[in-house]
Amino acid sequence: MTTILEKTRSLFADLGVSTDREIQELFRQLIELADTEHKKVITDPEREEFRVRWLGRNDSIRARVKRNWLENAPKEMRRWVGSSFNYFSEHIETGYSYIKFAAEILEADRPEDLSLPGVLRPVGSHHLIRQVFQEIEDIFFSIGFSVVEGPEIETPYYNFEALNIPEFHPVRDDMDTFYLELPKGAPTPLLLRTHTSPMQIRTMEKQKPPVRVIVPGKVYRRDNPDATHSFAFHQIEGLAVDTDITFCDFTGTIEYFVQQFFGPTVKTRFRPSYFPFTEPSVEFDVSCPFCGGTGASNGGTCSKCKGAAWIELFGAGMVDPAVYGFVNYDAKKVSGFAFGIGIDRMAMLKYGIDDIQVFFQNDVRFLRQFP
Ligand code: DAH
């Protein structure tokens, strides 16, 4: 006996089918077969197989029935065949959409597989410069300094003049910087600050003594990049002003900081130096933390201090009375000290880094060493 499937390969004329009833019977058998198969569909591949077999565009049962039974039916039969065909077609489509819907619900309901390995999301960390900022801020915070921040775009007044650096003062040559292009008639030129010292002025303008602040921030100079120079780098400015601050408070504070930062065994020393905004001015050195201040290492010369036993750290001094004049402090009543620590240099010293450029290259092989 020819199965209903085989019959779909023949035309009605060959099957000897001519009445409406016979046609309906053929479609009924076909639907019965589809329903039987439909009930057996369980897995995703089975569902796809069902769709291709029954509803696929070219070679499916529906495509064949359409071609052989509908399109090749004698003209007078086409109307009945058409309505049976539509019924058959919709029935299978609905059946298919049910199993698809059921699969979607199952998918959404499927419990998570707790045995799967977890997704590892990379966790970022603070850049070494940020970490060193934090270390230094913590130390000064613990002895009563507060943290303030200021603008990276400054006026020459704050960056130079109010710090006792008039226009043709030679130290301006050491602080060549970037000027902003401004429209004609702008009230003042603007530049990228060359140091965090302008915040000494801004802070004292805003508050009466006592002042104890540190100012972390980014600074800029027109320097050519090499292992120790970069056109952008980082500083922490410090300023303490009160009615009774002495040179002793100054050296004691710096010594405390240096020992907290490098360890209790390091020694400090200061040498006379010159800054227009401090008087006297000093340069602080620390006994080399790498060779224990001996200048020697492994029977040779210490490579960090080059045998000098001391490493130059940063500039500082007692605030020059002339500076108080710019902020309406009474130079006869107040005194104070200031310092400017180069963060990049401190980080390089403490963590044995010999090229400042690595801070700015964002190479994760470097960054990952300081999680
Ligand atoms: N501003 C100076 C610089 O960038 C560093 C400095 C020196 C800051 C002495 C100070 C200071 O506050 O007292 O070179």
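Both ligands and their constituent atoms are indexed starting at 1 by order of listing. The model shown is predicted, which means the values in this text are computed figures rather than measured ones.
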Set of side chain to side chain contact (heavy atoms under 4.5 Å, CB included) partners for A308, sequence neighbours left out: none
Indicate whether the side chain of R62 and that of S89 have a donor and an acceptor atom separated by less than 3.5 Å. yes
List ligand 1's nitrogen or oxygen atoms that come under 3.5 Å of a protein nitrogen or oxygen, with the partner atom and distance.
{"from": "ligand 1", "atom 1": "1 (N)", "to": "H195", "atom 2": "ND1", "distance (Å)": "2.8"}
{"from": "ligand 1", "atom 1": "1 (N)", "to": "S197", "atom 2": "OG", "distance (Å)": "2.9"}
{"from": "ligand 1", "atom 1": "4 (O)", "to": "R221", "atom 2": "NH2", "distance (Å)": "2.8"}
{"from": "ligand 1", "atom 1": "4 (O)", "to": "Q235", "atom 2": "NE2", "distance (Å)": "2.9"}
{"from": "ligand 1", "atom 1": "12 (O)", "to": "Q200", "atom 2": "NE2", "distance (Å)": "3.0"}
{"from": "ligand 1", "atom 1": "12 (O)", "to": "E237", "atom 2": "OE2", "distance (Å)": "2.6"}
{"from": "ligand 1", "atom 1": "12 (O)", "to": "F339", "atom 2": "N", "distance (Å)": "3.3"}
{"from": "ligand 1", "atom 1": "12 (O)", "to": "F339", "atom 2": "O", "distance (Å)": "3.3"}
{"from": "ligand 1", "atom 1": "13 (O)", "to": "A338", "atom 2": "O", "distance (Å)": "3.1"}

Going by ring-ring contact (aromatic ring centres under 6.0 Å, His included), name the residues that satisfy it together with Y351, two or more places apart in sequence or in a different chain. F370
Give me the atom names and distance for the closest heavy-atom approach of M348 to A227. CE-O, 3.6 Å
Which heavy-atom pair separates D355 from D226 by the least distance, and what is that distance? OD1-O, 4.1 Å
Side chain to side chain contact (heavy atoms under 4.5 Å, CB included) filter on K333, not counting sequence neighbours, yields D330
